[in-house]
A.B. asks: 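The structure follows.
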Number of protein chains: 2
Amino acid sequence: MFSIGTLAKRTGTKVQTIRYYEQIGLMPEPGRTDGGQRRYGDVELDRLSFIRHSRQLGFSLGAIRELLDLSDSPERSCAQVDAVAQKQLREVEARIARLEALRVELRRMISECNAERVADCRILEVLRDHEGCLSDHQQPTP
Amino acid sequence: MFSIGTLAKRTGTKVQTIRYYEQIGLMPEPGRTDGGQRRYGDVELDRLSFIRHSRQLGFSLGAIRELLDLSDSPERSCAQVDAVAQKQLREVEARIARLEALRVELRRMISECNAERVADCRILEVLRDHEGCLSDHQQPTP
DNA sequence: TATACGATCTACAGCAACTGTAGGTTCAAG
DNA sequence: CTTGAACCTACAGTTGCTGTAGATCGTATA
Ligand SMILES: [Zn+2]
Ligand SMILES: [Zn+2]
Ligand SMILES: [Zn+2]
Ligand SMILES: [Zn+2]
């Protein structure tokens, strides 16, 4: 049995983040000391490690909740788990595609600016007028 | 002179977003009708277009504020403008690098899973244990 | 055993950048 | 003059935390 601070250290999480996960029901309510302080065991350590690692791989808390629920049914097919991961992969790929388009535009506008004065700055020109762009980029970056 | 709805339509912005920009001082307080409704002109249209296009290129509202301020001094050197754009490019590149690392891990764990049962799912195994990963990925994706 | 002091407690505010809602008012077309 | 779409303010909610204040707890040391 160990304290929230120890759990935090062992998982590279902030104490408040752990309490936040508890608040939204992602971490279970742990036992308490007589004085009211949280006490954790290895089950909670594993669960939090899972959550943190999934976060590092970009999964949303919603997706992580789903994955945790699924892993409670070891006999079921893992097709749903795989689907969650596939979806995450597609999202990552979509974000990469968007960012690569941005990179092209940014590089171009930076390289085209040889001006000294703000009045002639190519960067500001492009920002004022999308005609100076190659790609579409409708939605502001998420 | 036109209404906030017209301005919204012409710039592809939501009405609330325009009011939000006004609230945080990114858009100026416009004139009003006798009844209290906002009325805009071409100056505001240009400014909002600039803001929206910059957002589409991933600039933060803080950066956009800086760019707008800089563009008010047409005689000054555009070095600062260029610096803001450079910084944005570096951020985009950093995000791409992080996402590409995630993509590798996700692809790998998906391809490695040939299990039928949740109990043997490779995806869950990797999520439980970072040892199954190739790259580091310390901070949860921003 | 007493004391000190770091760790923990609750509750709430704040971040970015919006989006959505409720309840009321105004504008403009017919 | 009526009607209804558009507008108004004010505030709550989104995601995933992070920071703060003021009080309490736990434990090592004297
Ligand atoms: Zn320039
Ligand atoms: Zn553009
Ligand atoms: Zn699987
Ligand atoms: Zn890993």
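In what follows, every chain begins at residue 1, and chains take the letters A, B, ... in the order their sequences are listed.
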A.B. asks: Can you name the residues that form a side chain to side chain donor-acceptor pair (under 3.5 Å) with A:R19, not counting sequence neighbours?
C.D. replies: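 None.
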
A.B. asks: How would you list all residue pairs meeting salt bridge (Lys or Arg N to Asp or Glu O under 4.0 Å) that involve residues 35-49 of chain A, not counting sequence neighbours?
C.D. replies: A:E22-A:R38

A.B. asks: What nucleotide, of C:dT8, C:dT10, D:dT18, holds the atom closest to the side chain of A:T17?
C.D. replies: D:dT18

A.B. asks: Give the table of side-chain donor-acceptor pairs shorter than 3.5 Å for residues 54-64 of chain A, with sequence neighbours excluded, one pair per line with atom names and distance.
C.D. replies:
from: A:S54; atom 1: OG; to: A:F50; atom 2: O; distance (Å): 2.8
from: A:R55; atom 1: NH1; to: A:F59; atom 2: O; distance (Å): 2.7
from: A:Q56; atom 1: NE2; to: B:Q138; atom 2: O; distance (Å): 2.9
from: A:S60; atom 1: OG; to: A:G62; atom 2: N; distance (Å): 3.4
from: A:S60; atom 1: OG; to: A:A63; atom 2: N; distance (Å): 3.1

A.B. asks: When you check the phosphate oxygens OP1 and OP2 of C:dT8, does a side-chain N or O of A:S3 lie under 4.0 Å from one of them?
C.D. replies: yes

A.B. asks: Taking CD from A:E22 and C1' from C:dA11, how many angstroms apart are they, rounded to a whole number?
C.D. replies: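 These atoms are roughly 14 Å apart.
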
A.B. asks: For A:V126 and A:C133, work out which heavy atoms get closest and say how close.
C.D. replies: CG1-SG, 4.0 Å

A.B. asks: Determine which pairs satisfy salt bridge (Lys or Arg N to Asp or Glu O under 4.0 Å) with at least one residue from residues 120-142 of chain A, sequence neighbours left out, and list them in order.
C.D. replies: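 Sorted result for residues 120-142 of chain A: A:E112-A:R122, A:R117-A:D120, A:R122-A:E125.
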
A.B. asks: Of all the choices, D:dG19, D:dC8, D:dC17, which nucleotide is nearest to the side chain of A:Q16 once you look at every atom?
C.D. replies: D:dG19

A.B. asks: Enumerate all atom pairs, one protein N or O and one N or O from nucleotides 27-29 of chain D, separated by less than 3.5 Å.
C.D. replies:
none

A.B. asks: If you take any heavy atom closer than 4.0 Å to DNA chain D, which residues from residues 4-15 of chain B end up in contact?
C.D. replies: B:I4, B:G5

A.B. asks: Would you kindly say whether A:R10 and A:Y40 are connected by a side-chain donor-acceptor distance under 3.5 Å?
C.D. replies: no

A.B. asks: From D:dC8, D:dT18, C:dA17, pick the nucleotide closest to the side chain of B:R19?
C.D. replies: D:dC8

A.B. asks: Looking only at heavy atoms, which two atoms of B:L124 and A:S71 are closest? And how far apart?
C.D. replies: CD1-CB, 3.8 Å

A.B. asks: For B:S135 and B:E105, which I'm curious about, is there any donor-acceptor pair between the side chains at under 3.5 Å?
C.D. replies: yes

A.B. asks: By the salt bridge (Lys or Arg N to Asp or Glu O under 4.0 Å) test, which pairs, at least two apart or in different chains, include something from residues 94-103 of chain B?
C.D. replies: B:E100-B:R103

A.B. asks: So, is B:Y20 close to the C:dA16 phosphate, meaning a side-chain N or O under 4.0 Å from OP1 or OP2?
C.D. replies: no

A.B. asks: Tell me the interatomic distance from B:I18, atom CD1, to C:dT19, atom P, rounded to whole angstroms.
C.D. replies: 11 Å

A.B. asks: Under the side chain to side chain donor-acceptor pair (under 3.5 Å) test, which residues partner A:T17, sequence neighbours left out?
C.D. replies: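 For A:T17, no residue satisfies side chain to side chain donor-acceptor pair (under 3.5 Å) once neighbours in sequence are set aside.
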
A.B. asks: Does A:Y21 have a side-chain nitrogen or oxygen under 4.0 Å from the phosphate oxygens OP1 or OP2 of D:dG16?
C.D. replies: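 So the side-chain polar atoms of A:Y21 never come under 4.0 Å of the phosphate oxygens OP1 or OP2 of D:dG16.
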
A.B. asks: Do any side-chain atoms of residues 77-84 of chain B form donor-acceptor pairs under 3.5 angstrom with protein atoms, and if so which ones, sequence neighbours left out?
C.D. replies:
from: B:S77; atom 1: OG; to: B:A79; atom 2: N; distance (Å): 2.9
from: B:Q80; atom 1: OE1; to: B:R76; atom 2: NH2; distance (Å): 2.6

A.B. asks: Looking at residues at least two apart in the chain, or sitting in another chain, which of them share a side chain to side chain donor-acceptor pair (under 3.5 Å) with A:E66?
C.D. replies: none

A.B. asks: With the threshold set at under 4.0 Å for non-hydrogen atoms, list the residues of residues 50-72 of chain B touching DNA chain D in residue-number order.
C.D. replies: none

A.B. asks: Side-chain N or O of B:R38 less than 4.0 angstrom from OP1 or OP2 on D:dC7?
C.D. replies: no

A.B. asks: When you look at B:M27 and B:I51, which way does the side chain to side chain contact (heavy atoms under 4.5 Å, CB included) test go after all the steps?
C.D. replies: CA-CA 9 Å; B:M27 285 292 286; B:I51 294 172; 3.8 Å; yes

A.B. asks: Choosing from C:dA17, D:dT9, C:dT8, which nucleotide comes nearest the side chain of B:R32?
C.D. replies: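 Output: D:dT9.
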
A.B. asks: Could you give the CD1-to-P distance, from B:I24 to C:dC18, as a whole number of Å?
C.D. replies: 8 Å

A.B. asks: Does atom CD of A:E29 have more than 12 heavy-atom neighbours, drawn from other residues, nucleotides or ligands, at distances under 6.0 Å?
C.D. replies: no

A.B. asks: I'd like a list of close polar pairs between nucleotides 22-25 of chain D and the protein, N/O only, cut-off under 3.5 Å.
C.D. replies:
none

